[in-house]
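Only one structure is covered here, and it is reproduced in the block below.
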Amino acid sequence: MGTIDGLPPLREVIRAHDLVARRQLGQNFLLDLNLTAKIARSAGDLSACDVLEVGPGPGGLTRGLLAEGARRVLAVEKDARCLPALAEIAASAPGRLQVIVGDALEVDVLAHLAAPVKVVANLPYNVGTELLVRWLTPAVWPPFWTSMTLMFQKEVAERIVAKPRGEHYGRLALLAQWRCDVRIVMVLPPEAFTPAPKVHSAVVQLTALPAPRFPCDFGVLQRVTAMAFNQRRKMLRSSLKGMGAGIEAELEAVGIPPTARAEEIGLEAFCALARVVAAR
Ligand code: SAM
């Protein structure tokens with residue numbers, strides 16, 4: 001069967017390079033190049049962008065990104081076994097694919113990227129959330145990326161886009177939605193991957209806002225929401241007691257009933273509370 005880029009089908013690549021999937025590296029590969037092209041397309045126009053991909057593996061999504069016209073792809077892969085397969089892709093797209101072997105939690109990618117940058121990745125489940133939190137909490141905002149199109153386990157995707165009172169609502173939703181527009185663009189069944197994981201996956205798109213949706217000090221917002229969600233089923237007047245004696249009056253001042261629970265309170269109200277606490 002022919003492929004979109006003239007390279008061999010991924011099953012052949014995996015066989016040729018003996019890329020038996022390793023569970024400890026979160027290796028669940030996408031082998032359908034129509035699907036990887038669709039994920040790449042969901043990231044929007046890539047022709048004027050550098051793309052950061054974490055965990056290219058045998059390169060299915062990498063091929064999709066290049067086929068969809070990405071200006072350049074910087075791929076960071078921990079498993080050196082994938083290098084020969086990725087080198088074949090680099091040879092078929094001269095000057096457009098740079099591969100760094102290393103741990104994405106440690107590699108300094110900024111030195112290798114030129115703006116504008118989009119992050120597009122099928123993330124390894126064991127480090128996916130940690131990478132996301134890092135990308136969402138840079139020292140300065142706007143961040144180095146304009147959008148991120150990321151595959152997670154579906155449950156993590158639902159935590160990112162969750163709204164108050166929803167089962168998955170919590171600190172990750174607040175963190176993501178404070179400075180990004182977020183949406184789920186695709187849900188994939190386990191059979192889309194080789195080997196198939198136990199759960200569904202979903203692609204989330206996060207688009208960086210130029211400034212936070214509601215102004216407040218990030219550190220204070222983090223402190224308030226950490227304390228509130230640490231005891232998410234308790235009334236806020238009790239879970240936030242540690243913020244000091246005045247907290248009940250401060251909750252009321254920003255229109256939050258002190259008997260409400262964290263999971264009922266939206267981002268705007270949490271930001272208002274963080275502003276009042278910071279102004280003490
Ligand atoms: N992008 C490929 C695809 O869609 O078929 C592979 C995705 S697989 C879910 C995750 C990939 O991340 C694997 O290739 C794995 O080796 C790599 N990986 C795991 N931990 C990593 C880390 N800390 N830094 C960089 N890559 C990592």
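Worth saying up front: this structure is predicted, and the values here are computed from it rather than measured. In listed order, ligands and their atoms are each counted from 1. Hydrogens, waters and symmetry mates are skipped; everything else that's a heavy atom, side chains included, is used.
- Ranked by closest heavy atom to atom 1 (N) of ligand 1, the top entry among Gly55, Gly60, Gly57, Ala192 is Gly55.
- Using a distance-only test at 3.5 Å, with no hydrogens or angles considered, a donor-acceptor pair links the side chain of Gln177 to the main chain of Ala162.
- With respect to atom 4 (O) of ligand 1, the closest heavy atom belonging to the protein is Asn122 ND2, 2.8 Å.
- If you number the atoms of ligand 1 from 1 as listed, the ones under 4.0 Å from a heavy atom of Val76 come out as 25 (C), 26 (N).
- No side-chain donor-acceptor contact under 3.5 Å links Asn28 to the backbone of Phe193.
- Taken to the nearest 0.5 Å, the CG atom of Leu221 stands 9.0 Å off from the CZ atom of Arg171.
- The closest side-chain donor-acceptor pair between Gln205 and Arg183 falls under 3.5 angstrom.
- The residue from Ala21, Pro56, Pro197, Gly64 that puts a heavy atom closest to atom 2 (C) of ligand 1 is Pro56.
- With hydrogens and angles disregarded, no donor-acceptor distance shorter than 3.5 Å links the side chain of Lys118 to the backbone of Asp50.
- At a threshold of 4.0 Å, the pair Arg233-Glu263 counts as salt-bridged, since one of the basic side-chain nitrogens sits closer than that to a carboxylate oxygen.
- The atoms of ligand 1 that sit less than 4.0 Å from any heavy atom of Ala104 are 22 (C), 23 (N), 24 (N), 25 (C).
- In terms of protein heavy atoms, atom 19 (C) of ligand 1 is closest to Leu25 O, 3.1 Å.
- For Phe218 and Trp178, the ring centers sit closer than 6.0 Å to each other.
- A side-chain donor-acceptor contact under 3.5 Å links Arg96 to the backbone of Leu66.
- Within ligand 1, counting atoms from 1 as listed, the ones closer than 4.0 Å to a heavy atom of Gly102 are 24 (N), 25 (C).
- In terms of polar-atom proximity, Asp79 is not counted as a contact of ligand 1, lacking any N or O under 3.5 Å from an N or O of the ligand.
- Distance alone, capped at 3.5 Å, places no donor-acceptor pair between the Glu77 side chain and the Val101 backbone.
- The ligand atoms of ligand 1 that sit less than 4.0 angstrom from a heavy atom of Glu53 are 1 (N).
- Scanning the protein heavy atoms around atom 23 (N) of ligand 1, the nearest turns out to be Asp103 OD1, 2.9 Å.
- Annotation: atom 17 (C) of ligand 1 to nearest protein heavy atom, Glu77 OE2, 3.3 Å.
- At a 4.0 Å heavy-atom cut-off, ligand 1 does not touch Pro58 at all.
- The main-chain N or O of Gly60 is found under 3.5 Å from a side-chain atom of Thr36 such that the two form a donor-acceptor pair.
- Within the listing of ligand 1, atoms 3 (C), 4 (O), 5 (O) sit less than 4.0 angstrom from a heavy atom of Leu30.
- Taking every heavy atom of Gly26 and a limit of under 4.0 angstrom, the matching atoms of ligand 1 come to 8 (S), 9 (C), 10 (C).
- Of all protein heavy atoms, the one lying nearest to atom 27 (C) of ligand 1 is Lys78 CB, 3.7 Å.
- Looking at Arg232, its side chain does come within 3.5 Å of a backbone N or O of Tyr169 through a donor-acceptor pair.
- Neither the backbone nor the side chain of Arg22 has any atom closer than 4.0 Å to an atom of ligand 1 (non-hydrogen atoms only).
- For the pair Asn28 and ligand 1, the shortest N or O to N or O distance does not fall below 3.5 Å.
- In terms of polar-atom proximity, Gln27 is counted as a contact of ligand 1, with an N or O under 3.5 Å from an N or O of the ligand.
- Closest protein heavy atom to atom 20 (N) of ligand 1: Pro124 CG, 3.6 Å.
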**Report entry** Working for salt bridge (Lys or Arg N to Asp or Glu O under 4.0 Å), residues Glu268 and Arg213
**Finding:** CA-CA 8 Å; Glu268 185 168 11; Arg213 200 176 297 277; over 6 Å; no
